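The analysis underlying the following values was restricted to heavy atoms, covering all of them including side chains, and did not include hydrogens, waters or symmetry mates. Proteins come first, then strands; the chains are lettered A, B, ... in the order of their sequence lines, and each starts at number 1. Small disclaimer: the values here were computed from a predicted structure and weren't measured.
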Number of protein chains: 2
Amino acid sequence: MIKTEAFSDDLQELAKFAKALSHPARLAILKYLAETKTCISGDITDFIPLSRTTVSQHLKELKEFGLIHGEIDGLKVNYCLCNNNILKHLDVFESFFKTIRATETCYK
Amino acid sequence: MIKTEAFSDDLQELAKFAKALSHPARLAILKYLAETKTCISGDITDFIPLSRTTVSQHLKELKEFGLIHGEIDGLKVNYCLCNNNILKHLDVFESFFKTIRATETCYK
DNA sequence: ATTATATGTCGTATGTTTGCGTCATAAAAC
DNA sequence: GTTTTATGACGCAAACATACGACATATAAT
């Protein structure tokens, strides 16, 4: 399976972005990082009802997709949003939906 | 597993929306429906490099999440975008990212 | 040096998604 | 009425995602 290669790069990138956002824990992490503007370490765990291991894994996924970035500071790791990258993805997202915004096809 | 209940309804809804968009085939379907403004039946299959069964399944998922809507017309089914619903989700999406848009935390 | 703390990695169990072939249904064409 | 056509539903296999406990590493505190 995994036939994603058959689609255009645009759609694949957008789909990956959506996938990164497709779990409430990851959204909660992004939200938390956005709110506590200072970069906060992985004791994000205290704010999320999941085990430390699981949170760590979600952080890893967000990091791999470039939405966040962690900087080692002694024992702790300070995480923060990669705003540039996020904004870039949001632009692609919004231009994708521009066509849809302009349409009026459904009567339901 | 499946600990999603532990998160706020907002985040869960947003995560579901993102999940609906997390496959290039589904994005391709939405795009196609947006472009061919008239509602087009399931021979969407011709525009997507997947089997008819698989496309039908993606259509079902989009339908279940309320992003599209299918109306039976004899043998065929005319699908179209549920713009209202999509716009509603886009609003939630954008208000979620408003905070992030306003932040400037990452130096990378 | 030893202990405590913060974090990441590994392996594993279970659940979900993707993709497809085959069958069922139901309208339309003949 | 039989055949063709457009769909959807069912069931299966492979791949992926989610969640976590146990172990590893590495800095800081004692």
Notebook entry, point to check: Can you list every pair that meets salt bridge (Lys or Arg N to Asp or Glu O under 4.0 Å) and has a residue in residues 52-69 of chain A, with sequence neighbours left out?
Noted result: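 Of all non-adjacent pairs touching residues 52-69 of chain A, those that pass salt bridge (Lys or Arg N to Asp or Glu O under 4.0 Å) are A:Arg26-A:Glu61.
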
Using whole Å, report how far [atom1] of [X] lies from [atom2] of [N].
{"X": "B:Ile68", "N": "D:dG8", "atom1": "CD1", "atom2": "C1'", "value": "13 Å"}
{"X": "B:Leu59", "N": "D:dA9", "atom1": "CG", "atom2": "P", "value": "11 Å"}
{"X": "B:Glu64", "N": "C:dT17", "atom1": "CD", "atom2": "P", "value": "10 Å"}
{"X": "A:Leu50", "N": "D:dG21", "atom1": "CG", "atom2": "P", "value": "11 Å"}
{"X": "B:Glu61", "N": "D:dA9", "atom1": "CD", "atom2": "C1'", "value": "14 Å"}
{"X": "B:Gln57", "N": "D:dA9", "atom1": "CD", "atom2": "P", "value": "11 Å"}
{"X": "B:Leu62", "N": "D:dG8", "atom1": "CG", "atom2": "C1'", "value": "16 Å"}

Next item on the list: Using ring-ring contact (aromatic ring centres under 6.0 Å, His included) as the criterion, list what pairs up with B:His58, not counting sequence neighbours.
Entry: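 In terms of ring-ring contact (aromatic ring centres under 6.0 Å, His included), with neighbours along the sequence ignored, B:His58 is linked to B:His23.
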
Next item on the list: Just jot down the ring-ring contact (aromatic ring centres under 6.0 Å, His included) partners of A:Phe93, sequence neighbours excluded, or say none.
Entry: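 By the ring-ring contact (aromatic ring centres under 6.0 Å, His included) rule, A:Phe93 matches A:Phe97, B:Phe93.
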
Checklist line | Presence of A:Thr54 side-chain N/O under 4.0 Å of D:dC20 phosphate oxygens OP1/OP2 | finding: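 Indeed, a polar side-chain atom of A:Thr54 lies that close.
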
Item checked: N/O (side chain, A:His58) to phosphate O (OP1/OP2, D:dA17) under 4.0 Å ->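 Checking D:dA17 against A:His58, no side-chain N or O comes under 4.0 Å of OP1 or OP2.
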
Next item on the list: Return the set of residues passing side-chain contact (heavy atoms from CB on, under 4.5 Å) with A:Lys88 (not counting sequence neighbours), or none when no residue passes.
Entry: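 Here the qualifying residues are A:Asn85.
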
Note to self: Quiz question: by atom type and distance under 3.5 Å, do the side chains of A:Ser56 and A:Thr53 form a donor-acceptor pair?
What the structure shows: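 Absent: no donor and acceptor within the cut-off.
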
Note to self: If the condition is side chain to side chain donor-acceptor pair (under 3.5 Å), which residues does B:Ser22 pass it with, not counting sequence neighbours?
What the structure shows: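 With neighbours one apart ignored, the set is empty.
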
Checklist line | 5' priority, DNA chain C, between A:Lys19 and A:Lys60 [closest heavy atom] | finding: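 It is A:Lys60 whose nearest nucleotide is closer to the 5' end.
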
Notebook entry, point to check: Mapping A:Arg26 and A:Thr53 to their closest nucleotides on DNA chain D, which lands nearer the 5' end?
Noted result: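 Nearer the 5' end of the strand: A:Arg26.
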
List every contact pair, protein side and nucleotides 1-7 of chain D side both N or O, where the distance is under 3.5 Å.
unit_1 : atom_1 : unit_2  : atom_2 : d
D:dT7  : OP1    : B:Ser41 : OG     : 2.5
D:dT7  : OP1    : B:Gly42 : N      : 3.2

